[in-house]
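In what follows, a structure is listed as structure tokens, so that the remarks can point back to it.
One-based numbering along the sequence shown. These numbers come from the heavy atoms of this one structure, side chains and all, not from hydrogens, waters or symmetry mates.
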Amino acid sequence: REVSLLFTDLVGFSSWALDAGDEAALVLLREVGSAVEGRIAFQGGHVVKRLGDGLMATFTDPGRATQAALEAQALVDVLEVAGHRPRLRAGVHLGRPRKLGGDYLGVDVNVAARVADAAGGGEVLVSDAVAERLDPGTFDTGRRRRLRAAGAPRELRVCAVRLADR
């Protein structure tokens, strides 16, 4: 079945954590985790796994996955720990991954991770498959561009997304 896959990551976290130390890093991860996981749950998503300073989540609807990513990003944008303001990046892709126990595997999972990797700090990128299903009254999508990344299909296109001005 089709699943919307969301990956998140904190840009520059590892470098910052080296200087800030474990205590500050754990405080930041707890605060970010609370913000991100709360929005995922609110939008009907399920956290599949935590990946250090990021995570993978699934949704039945690409609009809800995108909404969760944007809401989580807004909450993370106002956090500050030890003088550091984290920058969340996120990617959403729609596909048919294989479910194995509580995890998901397959090409679409890899593609979703590459979409997130291509996002800049404070950016949510979505694949064409997601962009085509988003409500234009709710979301504004940027110019579509080809994603050039190892493990991503050559024809894959992505675009930045934000909430539409109302």
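Summarising the geometry, atom OG1 belonging to T8 is positioned 8.0 Å from atom CG belonging to L51; distances are rounded to the nearest 0.5 Å. The structure places CZ of R145 at 5.0 Å from CG of L125, a figure rounded to the nearest 0.5 Å. Interatomic distance, R154 CZ to R146 CZ, rounded to the nearest 0.5 Å: 6.5 Å. Of the inter-residue distances, the one linking Q43 atom CD with T66 atom OG1 reads 10.0 Å to the nearest 0.5 angstrom. Atom CG of L5 sits about 8.0 Å away from atom OH of Y104, to the nearest 0.5 Å. Distance CG/L163 to CG/L70: 5.0 Å, rounded to 0.5 Å.
Proximity of V130 to S4: side-chain heavy atoms (C-beta onward) are nowhere separated by under 4.5 Å. Using a 4.5 Å heavy-atom threshold, the side chains of L28 and F13 count as touching. Between V47 and V36 the shortest side-chain heavy-atom distance does not fall below 4.5 Å. No side-chain heavy atom of R89 sits less than 4.5 Å from a side-chain heavy atom of E123. With a 4.5 Å cut-off on side-chain heavy atoms, E132 and L94 do not count as touching.
Linking ILVMFWY side-chain heavy atoms closer than 4.5 Å, directly or via other members, places L55 and V115 in two distinct hydrophobic clusters. Each of F59 and V158 belongs to its own hydrophobic cluster when Ile, Leu, Val, Met, Phe, Trp and Tyr are linked at side-chain heavy-atom distances under 4.5 angstrom. When hydrophobic clusters are built by joining Ile, Leu, Val, Met, Phe, Trp and Tyr residues whose side-chain heavy atoms come closer than 4.5 Å, directly or via intermediates, L147 is not grouped with L134. Both V3 and M56 sit in one connected hydrophobic cluster of ILVMFWY residues. Membership requires side-chain heavy atoms under 4.5 Å apart, directly or through other members. In the hydrophobic clustering of ILVMFWY residues, with side-chain heavy atoms under 4.5 Å counting as a link, F7 and V111 come out apart.
Residue H93 forms a side-chain hydrogen bond (donor to acceptor under 3.5 Å, both in side chains) with just one option from D128, N110, D108, and that option is D108. With R87 as the fixed residue, the salt bridge (charged side-chain N to carboxylate O under 4.0 Å, His left out) test singles out one of D9, D53, D77: D77. Among the candidates V92, V124, V48, the single residue satisfying the side-chain contact (heavy atoms from CB on, under 4.5 Å) test with L6 is V92.
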message: Could you go through L29 and R50, starting from their C-alpha distance and side-chain angles, then the distance that decides it, and tell me whether this counts as side chain to side chain contact (heavy atoms under 4.5 Å, CB included)?
response: CA-CA 11 Å; L29 290 176; R50 288 159 189 83; over 6 Å; no
- prompt: Would L75 and E71 count as a side chain to side chain contact (heavy atoms under 4.5 Å, CB included) if you check the C-alpha gap in whole Å, the side-chain angles of each, and the deciding distance to 0.1 Å?
  reply: CA-CA 6 Å; L75 291 174; E71 290 173 356; 5.7 Å; no
field: L88 vs L10, side chain to side chain contact (heavy atoms under 4.5 Å, CB included): CA-CA, chis, key distance, verdict
entry: CA-CA 5 Å; L88 183 78; L10 293 178; 3.9 Å; yes
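Here the closest non-hydrogen pair linking A90 and A69 is CB-CB, 4.0 Å. For the residue pair K49 and D103, the shortest heavy atom distance occurs at NZ-OD2, 3.1 Å. A pairwise comparison of heavy atoms in D61 and R64 identifies OD2-N, 2.8 Å as the closest pair. When every heavy atom of A164 is checked against every heavy atom of D140, the shortest pair comes out as CA-OD2, 3.4 Å.
Atom CG of D135 has more than 12 neighbouring heavy atoms from other residues, nucleotides or ligands inside a 6.0 Å radius. No more than 12 heavy atoms of other residues, nucleotides or ligands shown are found within 6.0 angstrom of CZ on R98.
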